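Here the structure is laid out as structure tokens; the discussion comes afterwards.
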2 protein chains.
Amino acid sequence: MTTRQGQPGSRSKGRVTLNDVARMSGVSAMTVSRALNEPQRVSEQVRERVEQAVAALGYIPNRAARSLAGSRSHTIAVVIPSVSNAVFNNVIRGIYDICAPAGYEMLMGNTYYSVQQESSLISKFLTHHPDGMIVTGLDMADSTRRQLEAAAIPLVQIMEVGTSAPLDMNVGISHSEAGAAMARYMLKRGYRRIGVIGAQMDYRSQRRIQGFIDVLVEAGLADDKRFMTTSEPSTVRLGGQLLADLLVVNPDLDAVFCCNDDLAYGAIYECQRRHIRIPQQLAIAGFNDLEGSACINPSLTSIQTPLYDIGKTAAQMLMRRLAGEVLQPSVVDLGFRLQARDSA
Amino acid sequence: MTTRQGQPGSRSKGRVTLNDVARMSGVSAMTVSRALNEPQRVSEQVRERVEQAVAALGYIPNRAARSLAGSRSHTIAVVIPSVSNAVFNNVIRGIYDICAPAGYEMLMGNTYYSVQQESSLISKFLTHHPDGMIVTGLDMADSTRRQLEAAAIPLVQIMEVGTSAPLDMNVGISHSEAGAAMARYMLKRGYRRIGVIGAQMDYRSQRRIQGFIDVLVEAGLADDKRFMTTSEPSTVRLGGQLLADLLVVNPDLDAVFCCNDDLAYGAIYECQRRHIRIPQQLAIAGFNDLEGSACINPSLTSIQTPLYDIGKTAAQMLMRRLAGEVLQPSVVDLGFRLQARDSA
DNA sequence: AATAATTATTTTAGCGCTAACATGGGGCCG
DNA sequence: CGGCCCCATGTTAGCGCTAAAATAATTATT
């Protein structure tokens with residue numbers, strides 16, 4: 001094997017450059033650049049010779065030089081709470097399916113549901129001078145807001161709409177409306193002693209729950225001791241524990257809204273262990289409608305959100321803006337769907 | 001709101017540069033560069049004036065220029081099958097916890113379990129001229145192998161060890177040994193009519209299953225019609241369906257090894273629906289030991305792998321190599337643990 | 001006090017690429 | 001056949017930063 005120890009400090013890494021390709025194919029560097037980036041603008045024979053030289057030399061373009069020389073980085077920065085969350089995975093696919101064919105790269109990072117981490121991540125991303133940015137949520141630190149305004153790049157805030165004016169563009173759903181829809185559904189089904197469990201209380205979870213509770217208040221059925229939340233990260237185990245805690249205080253509950261499906265799984269498992277029949281003794285509903293929610297026993301009633309479309313739409317808005325189009329309106333509500341199943 | 005329509009083609013974006021900061025703080029650009037990157041090498045007063053100027057001007061460094069001028073990009077490329085997979089999430093955290101404090105950025109991308117996607121992703125990543133690279137698995141296309149050799153950057157192949165010689169460094173576990181350990185465990189527990197279900201048959205899943213089956217063969221208990229696999233992506237639903245299919249052919253099975261926990265969840269749900277008692281009538285085991293596996297009913301027997309440590313160790317090896325250290329040996333097997341629970 | 005050694009800062013040059021403009025050689029018009 | 005436009009390609013300059021060498025300012029040593 002060749003040595004890979006590198007040679008820190010060596011200026012040139014002896015890599016093949018555009019000029020090497022130019023020399024080999026007998027044209028100027030600029031023509032090679034065009035042959036690679038706008039193939040239709042050079043003659044066919046030149047294109048072929050350049051392609052051969054590229055292959056023969058193993059030329060790998062240098063993005064840093066390209067970004068620096070051109071004024072565009074061909075990069076979109078995507079800021080989400082957690083890539084590992086199945087919810088955001090779908091959003092990312094939607095973004096990717098638009099950005100990749102358009103020649104844009106995605107720079108992706110996690111905030112881990114922390115405003116502070118979000119700020120430092122966005123600062124870091126701005127050093128890449130991305131051509132556009134997609135950020136989760138409408139809330140952010142004031143300093144970050146100012147940085148983004150100063151950067152003056154197209155920006156789409158995703159996941160939620162309606163809670164405040166977006167900085168630029170905005171695609172998502174109304175989480176408070178979704179929470180309210182679930183509450184109305186439960187009321188219609190006849191449940192009256194309704195509890196709520198929530199974890200990882202980011203703004204969107206809070207709004208879901210607030211929307212849910214507002215409806216209960218209106219119906220005169222809200223009771224603070226039935227609402228149990230924590231800022232711990234959502235896990236299946238935590239769902240079971242929160243339900244257990246809730247039942248200690250409220251043994252007579254007839255329904256529980258879990259602010260996401262993972263918590264709902266834990267709640268269902270806990271009921272199974274206690275031989276509580278779902279939904280006869282206790283109805284359970286979740287939020288996000290993950291893949292497993294249709295399979296668990298009983299199947300889980302949940303709110304399905306247009307995750308893929310949120311990502312896709314956000315990316316499309318960005319692409320159009322980058323193509324010079326002026327977009328009106330810039331707030332898009334994609335709506336949600338209540339998926340009724342056996343658990344509630 | 002300020003206009004964000006951008007001005008494609010404008011050469012300079014009128015952004016604040018290092019020279020602006022230098023002018024304002026009354027020193028040369030080089031001194032500002034040092035004040036920011038090696039603060040201990042400039043006098044305290046200069047450092048302070050520079051910091052003030054940076055804050056006042058809202059200076060954001062340009063990474064493209066930095067990469068181009070220096071010979072290092074301060075970037076580590078990470079190539080994994082799927083960021084959304086909970087398994088890789090832990091690995092990523094391990095990498096991040098080492099790289100971030102060392103001032104390295106992570107460029108992350110999915111291969112979606114496709115060799116072709118892996119090749120194009122690696123090509124794309126090489127255009128960023130990362131200082132190091134972490135790639136999942138030991139298998140890759142020959143052309144990719146050559147590209148990586150030509151790039152001559154430190155490389156760590158992660159997740160599995162022992163199936164072939166690594167290109168450079170290697171950290172992981174032996175999946176065939178892990179599969180074998182599960183088979184021996186099942187045999188010891190007295191199961192004799194043992195089936196296997198597998199999906200998303202990447203190399204590592206295949207090796208788990210092969211290791212499992214090899215032990216059955218040795219025990220004279222292997223039966224091809226009890227092994228059911230598909231290349232579809234693993235889902236909970238698919239786990240249920242594969243188990244159902246398997247039971248049609250083998251109604252007398254007494255145990256099933258699922259090549260990952262998601263499939264095992266589906267299998268458990270399917271048993272619940274059919275009122276098959278686990279493990280009395282049918283034992284079920286998974287692989288990966290996800291968070292929910294301890295909570296499901298019955299709790300799932302699974303193989304726990306040192307995911308966080310794999311990421312951390314890989315990153316550490318890379319960092320040491322980048323610091324100029326020569327590492328021996330370069331293959332690290334971190335081992336696994338069989339987590340016995342109620343399901344098998 | 002003169003010199004050497006060390007530290008702090010500046011100067012110079014250039015990383016690899018592309019925007020903008022310049023050039024040259026067809027073809028088409030009047 | 002000169003003037004015009006159009007196309008393919010070349011030339012020039014510079015994006016913002018840092019490596020390396022040069023210089024200036026300070027401290028240590030004799």
Side-chain angles (χ1 to χ4, degrees), chain A residues 6-50 54 57 59-75 103 126-129 131, chain B residues 6-50 54 57 59-75 103 126-129 131:
Chain A
Q7 13 188 345
S10 70
R11 187 82 195 229
S12 163
K13 296 217 198 146
R15 286 231 188 72
V16 178
T17 75
L18 201 63
N19 276 307
D20 299 326
V21 177
R23 209 169 305 122
M24 182 162 182
S25 35
V27 294
S28 71
M30 195 60 229
T31 300
V32 175
S33 172
R34 270 196 285 262
L36 295 176
N37 296 311
E38 304 165 282
Q40 76 286 355
R41 289 196 45 195
V42 301
S43 69
E44 192 157 345
Q45 52 180 358
V46 166
R47 197 184 321 148
E48 256 171 48
R49 262 190 296 150
V50 167
V54 164
L57 295 169
Y59 169 66
I60 292 175
N62 184 326
R63 287 191 87 86
R66 180 149 123 100
S67 298
L68 189 57
S71 43
R72 331 194 69 164
S73 60
H74 306 272
T75 299
L126 285 176
T127 69
H128 287 267
H129 292 277
D131 295 335
Chain B
Q7 13 186 347
S10 70
R11 187 79 194 230
S12 163
K13 296 217 198 146
R15 286 232 188 72
V16 178
T17 74
L18 202 62
N19 276 309
D20 300 326
V21 177
R23 209 169 305 123
M24 182 162 182
S25 35
V27 294
S28 71
M30 195 60 230
T31 301
V32 176
S33 172
R34 266 197 288 267
L36 296 175
N37 296 311
E38 303 166 282
Q40 76 286 356
R41 289 195 46 196
V42 301
S43 67
E44 191 158 345
Q45 52 180 359
V46 165
R47 196 185 321 146
E48 256 171 48
R49 262 189 296 149
V50 167
V54 164
L57 295 169
Y59 169 67
I60 292 175
N62 185 327
R63 286 191 89 85
R66 180 149 124 99
S67 298
L68 189 57
S71 43
R72 331 195 67 163
S73 59
H74 305 271
T75 299
L126 285 176
T127 68
H128 288 267
H129 292 277
D131 295 334

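No experiment lies behind these values; they were computed from the predicted model shown. A, B, ... follow the sequence lines: proteins, then strands. Residue 1 opens every chain. What's counted below: heavy atoms across the whole structure, side chains too, no hydrogens, waters or symmetry copies.
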Test side chain to side chain contact (heavy atoms under 4.5 Å, CB included) on A:Arg66 and A:Asn37 and set out the steps. CA-CA 11 Å; A:Arg66 180 149 123 100; A:Asn37 296 311; 3.5 Å; yes

Can you list, in residue-number order, the parts of residues 20-31 of chain B that come under 4.0 Å of DNA chain C, counting heavy atoms only?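 When residues 20-31 of chain B is checked for heavy atoms under 4.0 Å from DNA chain C, the hits, listed by number, are B:Val27, B:Ser28, B:Met30, B:Thr31.
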
Considering residues at least two apart in sequence or located in another chain, which fulfil the side chain to side chain contact (heavy atoms under 4.5 Å, CB included) criterion with A:Asp20?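 Residues passing side chain to side chain contact (heavy atoms under 4.5 Å, CB included) with A:Asp20: A:Val16, A:Thr17, A:Arg23, A:Leu57.
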
Tell me the interatomic distance from [X], atom [atom1], to [N], atom [atom2], rounded to whole angstroms.
{"X": "A:Asn62", "N": "C:dC15", "atom1": "CG", "atom2": "C1'", "answer": "8 Å"}
{"X": "A:Leu18", "N": "C:dA19", "atom1": "CG", "atom2": "P", "answer": "12 Å"}
{"X": "A:Ile60", "N": "C:dC17", "atom1": "CD1", "atom2": "C1'", "answer": "16 Å"}
{"X": "A:Arg66", "N": "C:dT18", "atom1": "CZ", "atom2": "P", "answer": "6 Å"}
{"X": "A:Arg63", "N": "C:dC17", "atom1": "CZ", "atom2": "P", "answer": "12 Å"}
{"X": "A:Leu68", "N": "C:dT18", "atom1": "CG", "atom2": "P", "answer": "11 Å"}
{"X": "B:Gln40", "N": "C:dT9", "atom1": "CD", "atom2": "P", "answer": "13 Å"}
{"X": "A:Leu36", "N": "D:dT9", "atom1": "CG", "atom2": "P", "answer": "13 Å"}

Would you state whether a donor and an acceptor, one from the side chain of A:Arg34 and one from the base of D:dG10, lie under 3.5 Å apart?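 By the distance-only test, yes, there is a pair.
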
Can you check whether any acceptor in the base of D:dT9 is under 3.5 Å from a donor in the side chain of A:Arg41, or vice versa? no

Less than 4.5 Å apart, side chain to side chain, heavy atoms only: is that true for B:Leu18 and B:Leu36?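 They are in contact (side-chain heavy atoms under 4.5 Å apart), so the answer is yes.
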
Do A:Ile60 and A:Arg15 have side chains that approach each other closer than 4.5 Å (heavy atoms only, starting at C-beta)? no

Would you mind reading off the bend of the helix from C:dA2-D:dT29 to C:dG30-D:dC1 from its two end axes, five pairs each, to 10 degrees?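 Inter-axis angle at the termini of the helix from C:dA2-D:dT29 to C:dG30-D:dC1: 40°.
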
Atom CD of B:Glu38: over 12 foreign heavy atoms under 6.0 Å: yes

Mind running a 4.0 Å heavy-atom check of residues 42-50 of chain A against DNA chain D and sending the residues that fall below it, in number order?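 Close to the strand are A:Val42, A:Ser43, A:Val46.
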
May I ask you to evaluate whether B:Asn19 reaches the phosphate of D:dC17, defined as a side-chain N or O under 4.0 Å from OP1 or OP2? no

Presence of A:Asn37 side-chain N/O under 4.0 Å of C:dT18 phosphate oxygens OP1/OP2: yes

Just the table, please: protein N/O against nucleotides 26-28 of chain C N/O, every pair under 3.5 Å.
none

OG on B:Ser67 to CG on A:Asn62, rounded to 0.5 Å: 8.0 Å

Determine which pairs satisfy salt bridge (Lys or Arg N to Asp or Glu O under 4.0 Å) with at least one residue from residues 24-34 of chain A, sequence neighbours left out, and list them in order.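 Pairs touching residues 24-34 of chain A that pass the test: none.
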
